[in-house]
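So that the names make sense, note that chain A is the first sequence line, chain B the second, and so on, each numbered from 1. As a basis for the values below, the full set of heavy atoms in this structure was taken, side chains included, without hydrogen atoms, waters or symmetry mates.
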Amino acid sequence: MQSLLWAVSSCRSLVNCQAIHALVIKSQFINNGFIGDRLVSIYTSLGFNDYARKMFDEIPDKDLVSWNSFISGFSKRGILALCLNAFQRMRNEADLKPNKVTLLSVISACTVDGALCEGKCFHGFGVKMGYMEEVKVANVLINMYGKLGMLDAAYVLFNTMKARSLVTWNSILALHAQHGHSDDVVGLFNLMRRAGVKPDQATMVALLQGCTELGVVKQATVVHACIFKCGFEGDMLVSTSLMSLYAKSGQLIAANVIFGELTKPDAVAWTSMLASYAMHGCGSEAIKLFENMVDGGIYPDHVTFTHLLSACSHAGLISEGRKYFEDMFRVYGVQPRIDHYSCMVDLLGRAGLLEDAVSLIRSMPMKPNVGVWGALLGACRIHNNVELGKEAADNLFLLNSSDHRNYIMLSNIYSASGQWKDASKIRSMMKGRRLVGDPGYSLFEHGNRVYQFVVGDQSHPNSDKIYAKLEEIVRKVHEAGLVRQTEFILHDVEEEVKIDMINKHSEKLALAFGLLVTNTSIPITIIKNLRICGDCHSVMKFVSLIEKRTIIVRDPKRFHHFANGMCSCKDYW
DNA sequence: GTAGGGTTAG
């Protein structure tokens with residue numbers, strides 16, 4: 001009997017499971033509830049809901065564990081409807097009182113499904129049943145609130161807990177990291193240490209994610225040292241996060257070193273390296289890596305393809321992108337998802353093949369989402385296509401009317417083609433809906449600080465020197481006869497005013513500061529919250545040549561490496 | 001307790 005239990009639990013495929021199932025029937029243990037419970041969870045976890053239901057119905061004396069196996073099976077698969085249905089049946093048909101395990105399952109199903117209302121109900125249920133003292137129940141609720149956008153509610157729960165476990169701390173850290181609240185991550189981590197809780201690899205992963213949001217170079221080295229000291233350097237999860245952090249801080253080579261040190265990288269690690277190449281615009285390296293991954297017998301999944309396609313898109317590798325998009329299902333059996341369509345629309349649109357992008361959207365088997373229309377809108381901005389841009393924007397407004405970026409993008413498309421009236425109409429529409437754009441800023445790390453610059457910023461104590469350096473750059477640019485690209489200033493103002501505005505862009509200020517305070521041997525790394533402007537892009541190229549400096553700029557999506565008067569993006573971005 | 005997912009990587 002014990003060996004049968006083991007055998008059932010070890011099933012990894014349907015055939016396997018059915019064979020054992022037959023054995024169970026033959027051995028007359030089929031009426032044994034314990035074995036039935038296991039078979040139910042295996043069938044659900046493999047996704048064979050009908051087999052699971054049939055097996056479940058055949059269990060003679062269903063106890064709480066039987067019901068929990070059934071419910072948690074659906075929960076694991078993220079099928080909330082079946083989960084809730086089973087929960088109701090359990091109470092109505094069997095008249096059983098759900099215990100904490102039941103609650104854990106249904107609440108995590110709500111988290112996966114984004115069902116905040118139902119989740120709140122179960123929270124209330126937990127309070128009523130007196131389960132809130134259970135650390136695991138509180139943890140799963142913290143996670144639910146945090147994942148569903150109610151970080152405050154999660155924090156209140158965390159704060160009111162009498163006893164917290166390591167997982168509680170890890171959860172609250174991870175949630176703050178995922179919401180981009182880096183300072184809170186650092187603060188909470190210090191509290192955790194003071195509370196005498198010993199961190200594990202999940203803690204490290206959350207910390208690393210928190211640093212990614214800070215987006216600074218030095219942070220990666222500091223946490224790396226901490227990881228090394230704590231003995232987590234061989235951990236695959238930690239290494240993968242670390243790799244990603246280095247890549248996101250502009251240190252592609254460091255990321256590559258960590259990847260190289262992994263003895264047996266899994267699909268996630270390979271994909272992380274691939275994503276790093278994609279982010280840095282290294283299309284052919286990404287493709288080479290992908291081929292090595294496949295040759296090594298590692299199966300690419302849908303995330304791998306998202307990054308592979310985005311790598312092709314960033315590098316303008318149109319035919320390669322088309323080929324991989326076709327191959328992903330035909331050769332690798334990975335069904336294209338909506339994100340892959342977004343990537344393809346981006347790839348085609350960016351290359352100016354707007355008609356191809358549109359026909360791809362029309363032929364999609366699913367309804368296009370904000371990602372797809374957003375990619376088209378972005379392409380229309382690059383290629384100044386008012387008509388298609390309007391269509392994309394209209395669809396975006398229908399799907400989400402509160403994202404200011406779409407209004408700005410459309411307004412810019414109008415301005416770029418001189419349609420100032422339409423542009424200002426969109427601006428006032430934005431005002432009417434009380435939407436304010438993100439002010440653009442650039443970050444630069446120096447010493448132990450991160451400096452933030454906005455357009456025309458004068459808040460830095462050495463502002464005078466920064467502006468003097470900036471003037472010097474502008475003068476050299478002028479002397480070299482470099483054509484200024486004022487079309488990136490989308491206001492209906494005089495040319496002279498435009499030049500003045502463009503000269504004070506946050507990335508230029510950060511660059512001037514970087515030139516003043518750093519040694520020539522290290523690259524100047526600037527982080528932007530918005531896409532780099534075209535004029536700044538050419539000025540950066542020029543400065544990299546005359547000052548003999550490497551300049552690295554990260555925008556929300558990718559990196560530009562400037563050296564010897566050229567950019568790694570080859571002016572394709 | 002027979003043991004039924006508390007967090008964490010691209």
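- Rounded to whole Å, atom C1' of dT7(B) lies 15 Å from atom CZ of F189(A).
- Ring geometry, F56(A) versus W67(A): the interplanar angle exceeds 60°, so the pair is classed perpendicular (tilted spans 30 to 60°).
- Here the straight-line distance linking atom CG of L188(A) with atom OH of Y155(A) works out to 5.5 Å at 0.5 Å rounding.
- For DNA chain B, the neighbouring residues in residues 139-154 of chain A, judged by any heavy atom under 4.0 Å, are N139(A), N143(A), K147(A).
- For K557(A) and dG10(B), the NZ to C1' distance is 18 Å, given to the nearest whole Å.
- The side chain of L104(A) sits closest to dG6(B) out of dT8(B), dG10(B), dG6(B).
- Using bins of under 30°, 30° to 60° and over 60° for the plane-to-plane angle, the ring pair H280(A)/H561(A) lands in the tilted bin.
- Nearest heavy-atom pair across L309(A) and L347(A) is O-CD1, 4.0 Å.
- Residue S105(A) is in base contact, counting any heavy-atom pair closer than 4.0 Å across all strands shown.
- Across all strands shown, V205(A) has heavy atoms under 4.0 Å from sugar-phosphate atoms exclusively, and none from any base.
- Remark: K54(A) does not engage D57(A) in a salt bridge, criterion side-chain N to carboxylate O under 4.0 Å.
- At a threshold of 4.0 angstrom between heavy atoms, the contacts of S171(A) are confined to the sugar-phosphate backbone, with no base atom among them.
- In this structure, CZ of R337(A) is placed 16 Å from P of dG10(B), rounded to the nearest angstrom.
- Within the 4.0 angstrom heavy-atom criterion, no nucleotide atom of any strand lies near T203(A).
- Taking CG of L252(A) as the reference point, atom CD1 of I552(A) lies at 9.5 Å (rounded to 0.5 Å).
- Atom CE of M192(A) and atom C1' of dT8(B) are 12 Å apart (whole Å).
- Using a 4.0 Å heavy-atom criterion, one finds that N99(A) contacts the bases of the nucleic acid, with or without backbone contacts as well.
- Contacts of A174(A) with the nucleic acid, taken as non-hydrogen atoms under 4.0 Å apart, involve only primed sugar atoms and P, OP1 or OP2.
- Salt bridge absent: R337(A) and D339(A) never bring a charged side-chain N and a carboxylate O closer than 4.0 Å.
- Side chain of V65(A), nearest nucleotide from dT8(B), dG10(B), dG4(B): dG4(B).
- Across all strands, S75(A) comes closer than 4.0 Å to base atoms (heavy-atom distances).
- To the nearest angstrom, C1' of dG6(B) lies 13 Å from CD1 of I172(A).
- In this pair, F122(A) and F125(A) present their aromatic rings perpendicular. The plane angle is above 60°, beyond the 30 to 60° band.
- Between the P atom of dG10(B) and the CD atom of Q178(A) lies a distance of 9 Å, rounded to the nearest Å.
- When distances are taken from the side chain of S72(A) to each of dG6(B), dA9(B), dG4(B), the shortest belongs to dG4(B).
- Contact annotation for D301(A): base contact, defined as any heavy-atom pair under 4.0 Å involving a base atom.
- The base of dG6(B) is paired with the side chain of S165(A) by a donor and an acceptor separated by under 3.5 Å.
- Applying a 4.0 Å cut-off to non-hydrogen atoms, the residues of residues 114-138 of chain A that approach DNA chain B are V135(A), K136(A), listed by residue number.
- Side-chain contact, N139(A) with T168(A): a donor N or O sits under 3.5 Å from an acceptor N or O.
- On a pure distance criterion of 3.5 Å, no polar donor-acceptor pair joins the side chain of S241(A) and the base of dA9(B).
- A centroid separation of 6.0 Å or more is found between the aromatic rings of F189(A) and W169(A).
- Applying the 3.5 Å distance criterion, the base of dG6(B) shares no donor-acceptor pair with the side chain of N170(A).
- Below the 3.5 angstrom threshold, one finds a donor paired with an acceptor across the side chain of D266(A) and the base of dA9(B).
- A side-chain N or O of S244(A) and one of K248(A) form a donor-acceptor pair less than 3.5 Å apart.
- You'll find that the side chain of N68(A) is closest to dG4(B), out of dG10(B), dT8(B), dG4(B).
- Residue side chain T271(A) reaches the base of dG10(B) through a donor-acceptor N/O pair under 3.5 Å, judged by distance alone.
- As rounded to whole Å, 14 Å separates atom P of dG10(B) from atom CG of L274(A).
- Within the 4.0 Å cut-off from OP1 or OP2 of dA9(B), at least one side-chain nitrogen or oxygen of Q209(A) is found.
- The aromatic rings of F290(A) and Y324(A) lie perpendicular to each other, with more than 60° between the two planes, well past the 30° mark.
- Rounded to an integer number of Å, the gap from F232(A) CZ to dA9(B) P is 15 Å.
- Base engagement by M236(A) is indicated by at least one non-hydrogen atom pair under 4.0 Å involving a base atom.
- Set against dG10(B), dG4(B), dG6(B), the side chain of T168(A) has dG6(B) as its closest nucleotide.
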